[in-house]
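Convention: sequence-line order gives letters A, B, ...; per-chain numbering from 1.
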There are 2 protein chains.
Amino acid sequence: MTAVWQCQEVTSSPTGAVRQGSLRELNLAVVLRRIAAADRPPSRAELAADTGLTRATVSAVVDDLLGGRLVAEADYAPRTGAGRPARGLVLADHGPAGLGLEVNVDYLAACVVDLAGTVRHHVVHRADLRPVSPADALTRLAALAADARAAAVREGLTLAGAALAVPGLVSDGGLVRLAPNLGWRDVDVPALLAGHRLTEPVDGVPALVVENEANLAALGELHAGPPGTASFLHLTGEIGIGAGIVLDGALYRGTRGWSGEIGHIPVHPEGRPCRCGGRGCLERYAGQEAVLAAAGLAGADLPADTAAARLAELAEAGDPATRAALADAGTALGVTVAGVVNLLDLDTVVLGGGYAPLARWLRPPMLAEITGRVLTAAWSPVTVRPAALGARSAAVGGAASVVRRIVDRPAGWLTRAG
Amino acid sequence: MTAVWQCQEVTSSPTGAVRQGSLRELNLAVVLRRIAAADRPPSRAELAADTGLTRATVSAVVDDLLGGRLVAEADYAPRTGAGRPARGLVLADHGPAGLGLEVNVDYLAACVVDLAGTVRHHVVHRADLRPVSPADALTRLAALAADARAAAVREGLTLAGAALAVPGLVSDGGLVRLAPNLGWRDVDVPALLAGHRLTEPVDGVPALVVENEANLAALGELHAGPPGTASFLHLTGEIGIGAGIVLDGALYRGTRGWSGEIGHIPVHPEGRPCRCGGRGCLERYAGQEAVLAAAGLAGADLPADTAAARLAELAEAGDPATRAALADAGTALGVTVAGVVNLLDLDTVVLGGGYAPLARWLRPPMLAEITGRVLTAAWSPVTVRPAALGARSAAVGGAASVVRRIVDRPAGWLTRAG
DNA sequence: GTCATTTAATTCAACCACTGAACAAATTGC
DNA sequence: GCAATTTGTTCAGTGGTTGAATTAAATGAC
């Protein structure tokens, strides 16, 4: 007769109290999500049938959304037969938008994504940022952001929030604890960007989110990739190796936001020493440095994306050293991914970042290891495919996550808009 | 200008439509959860302050819960000062309860857990089930379940649902695809148990859930363990090695419910061949068979829990072979867990099942590998501790998950009770 | 060309559950 | 014994959903 739980703060579904107004607030989100997820502009009647709400309620909710300029009416082409024609509903292309930013080793990027998920503005500024101080780098980034904001305003968009992708570990509050390849340590990004107003304040959407690059790239893939893939592992191969883990349609960030350090999963426990202090980490076998060295390009010191392009070129030309290097990297990746799939029961692995252009050569050895080692591979195969957005998807993923938050919680935007 | 999402069925927060009655339904759950989570019987006024609801609403909600016999009034001892004394609210000890069942290699188990999380009945029936057919094993289990049900009725409890723990892969619908150590393959458990009515049907609580043993053991740990641990990895060392993954207070089951096969994560990719077809799986280095062989006890063919007890005994006595075997197993576990922690950013690892009694000897080598290999170990250490429930926690965890579902969704029980 | 048919969307009274304030209940302390 | 204090209930008011009736806008048969 032992008590099994006494004072557990288990938040298995972290639903807070439901107030009077929460009802409308929640239904706004339900309806808006359906509109966002539909493959053609749905009518009010269809929304009512889908959600289980009455047509009266849906009409009222849609009126709110129309008034707040989050959705617009569109023609509803496919006429089925008799009856009054439906008015299709689409996400507005002139309402709130998200600002996506990225600081990486050899480029800065800024982009604007609207509610419908369309990339309306995208600039990449190439520059070696390793010798630049964090403050200067962020000042340059703020200039890009200002341009992006001007572009958004020109198109009638309001920037509702920003997400900044950084190749490193980020604490709550946007503190970059460590970004080894950038040479950053304990950089307080929000403080350094405080002088520049990047976006308009909107209730429920944080003004600036700083997040690991691999995580945001995975979110980009979630939004851009084929529908139906709610859980997957997204690998970003740059100088380090990052993994973005998407489970049931949501990014898994870990207890402190430091998930995804797949580059330091041991592949050969007694193998090559790693700068992390461990031995035999994946990074030492499938990281860019290791692949370049094996391909005979050590010390070339190419920018990250150029390196991947060069490797693809050589592999395409049939260079045996490059082919062998990629095969070995693919095997190491496959061994690690097989373990991850055994643990997490995923059915999709996406090759992003620098791996995207090399997918053709990495995929076969990866699949060989996976099918040989994954317990359930016999029942249902694991898909390995290149990222839909390719490299540099982190900024777009970040911008998409901003507008996604508005779709998930439109009440904040509506109260703001009056 | 590419569209970033078109027809994505992203269910980042899977909230369905909110109907009129959902409001009360949700608030019933909110209030009941607070009562369950409180460390002393809360008053209506405290609940109102905690949840943000008005006292009037809380009173109405509590009336419903009292009427449905889900909570009861208790004396509220700590008088603070002036004012009308509060009436404390506790979970009822005579309402619904969960039935937990387990079929394992060398025992059957059944237990009853009430709403408050107290284990009210628990029987373990030892028997070697490997030579027994699935149908016969389940018939024997049904007899145990009938006893448990009678015991529940005697104590005024109503069994609202059952969970069955099985050492194998389970598909949706309760089909056991493969339980290697039991010798089961494609066993349709619900069909075989259809003849026996195990529980009373309650809206919103499935009559029988079949689930992997390691997953339910992890749920047991979630409920019994120290509060504040919402995410952890729970290792179950039996003949195979299973892992239950709890993220943010919820069991992570994987896309098909087959998560947690940590035993087949590669430790030495070119190492010992494994019966899964791969090479160098963790199971071959830290599984019971491997440890017994290394300790010089190969072929002893002991029941799983006896084997662990015997190893603990020998280690306690200072037997060098056993000590060395456990150190090696701990190292292999540490290497694997380090990888998992790097990937998932967990801060707690629980040693359950057969590992629980061996934790004293497994922990040091595990910690050595973890601190040496986990990137963020320097910032925040990883805790490795034995399971609070010890071995055989799967049945209790299953029963607890049943009552947990009632706490999370009390409306189903209330409509049933009239 | 007219009218029945069909489907979409709106209107409106009813109702449910929460809100806020006033009120009753039960205890402490002066 | 009475003011102070805190708990819990009562009750009119309100926001938002419900369901049926109504209006709107098309198709198709005669």
Side-chain angles (χ1 to χ4, degrees), chain A residues 15-31 35 38 40-67 71-89 410-411 414-415, chain B residues 15-31 35 38 40-67 71-89 410-411 414-415:
Chain A
T15 324
V18 185
R19 320 271 300 273
Q20 178 83 251
S22 317
L23 231 158
R24 171 55 62 91
E25 206 165 305
L26 290 167
N27 280 333
L28 282 167
V30 167
V31 169
I35 296 173
R40 62 195 161 77
S43 67
R44 292 166 176 78
E46 282 172 343
L47 289 171
D50 281 2
T51 59
L53 297 166
T54 60
R55 294 202 301 277
T57 303
V58 170
S59 276
V61 167
V62 167
D63 279 351
D64 280 6
L65 293 173
L66 285 170
V71 309
E73 288 195 324
D75 290 339
Y76 187 79
R79 304 301 318 284
T80 53
R84 171 178 169 174
R87 321 284 306 262
L89 297 166
L414 293 181
T415 55
Chain B
T15 323
V18 185
R19 321 270 301 272
Q20 179 84 245
S22 317
L23 229 154
R24 171 54 60 92
E25 207 166 305
L26 291 168
N27 281 333
L28 282 167
V30 167
V31 170
I35 296 174
R40 64 195 160 78
S43 68
R44 294 167 174 77
E46 282 173 343
L47 289 170
D50 281 2
T51 59
L53 297 166
T54 61
R55 294 205 302 274
T57 304
V58 170
S59 275
V61 168
V62 167
D63 279 351
D64 281 6
L65 294 173
L66 285 171
V71 309
E73 288 195 324
D75 289 339
Y76 187 68
R79 305 300 321 281
T80 54
R84 170 177 171 174
R87 320 285 308 263
L89 297 167
L414 293 181
T415 54

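For the side-chain contact (heavy atoms from CB on, under 4.5 Å) test, residues two or more places apart in sequence or in another chain that qualify with B:A45 are B:S43, B:R55. A:S59 pairs by the side-chain contact (heavy atoms from CB on, under 4.5 Å) definition with A:R44, not counting sequence neighbours.
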Side chains of residues 16-23 of chain B: which donor-acceptor pairs under 3.5 Å do they make with residues two or more places apart or in other chains?
from  : atom 1 : to    : atom 2 : distance (Å)
B:S22 : OG     : B:R19 : N      : 2.7
B:S22 : OG     : B:R19 : O      : 3.2

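Defining each end axis of the helix from C:dG1-D:dC30 to C:dC23-D:dG8 as the rotation carrying four pairs' C1' atoms onto the next four, with five pairs an end, the two axes are found to diverge by 0° to 10 degrees.
In this structure, CG of B:L28 is placed 16 Å from P of C:dC16, rounded to the nearest angstrom. Remark: P of C:dA8 and CD of A:E73 are 14 Å apart, rounded to the nearest angstrom. Between the CZ atom of A:R44 and the P atom of D:dA24 there is a distance of 16 Å, given to the nearest Å. Going from atom CG of B:L65 over to atom C1' of C:dA17 covers 15 Å, rounded to whole Å.
Every pair passing salt bridge (Lys or Arg N to Asp or Glu O under 4.0 Å) that includes a residue from residues 20-29 of chain B is listed here, sequence neighbours excluded: B:R24-B:D64.
Residue A:S59 places at least one side-chain N or O closer than 4.0 Å to OP1 or OP2 of C:dT10.
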Scan nucleotides 16-22 of chain D nucleotide by nucleotide, 5' to 3', and note B when protein non-hydrogen atoms come under 4.0 Å of the base, S if they reach only the sugar-phosphate, - if neither.
BBBB---
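Considering B:T57, B:L47, B:V71, B:L89 as possible partners of B:V31, the one that fulfils the side-chain contact (heavy atoms from CB on, under 4.5 Å) test is B:L47.
Considering all non-hydrogen atoms of both residues, B:P410 and B:L65 come closest at CB-CD2, 4.5 Å. Nearest heavy-atom pair, A:V58 versus A:A48, reported as atom, atom and distance to 0.1 Å: CG2-CA, 3.7 Å.
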Each nucleotide N or O in nucleotides 1-6 of chain C that has a protein N or O under 3.5 Å away: list the pair and distance.
from  : atom 1 : to    : atom 2 : distance (Å)
C:dT6 : O2     : A:G83 : N      : 3.3

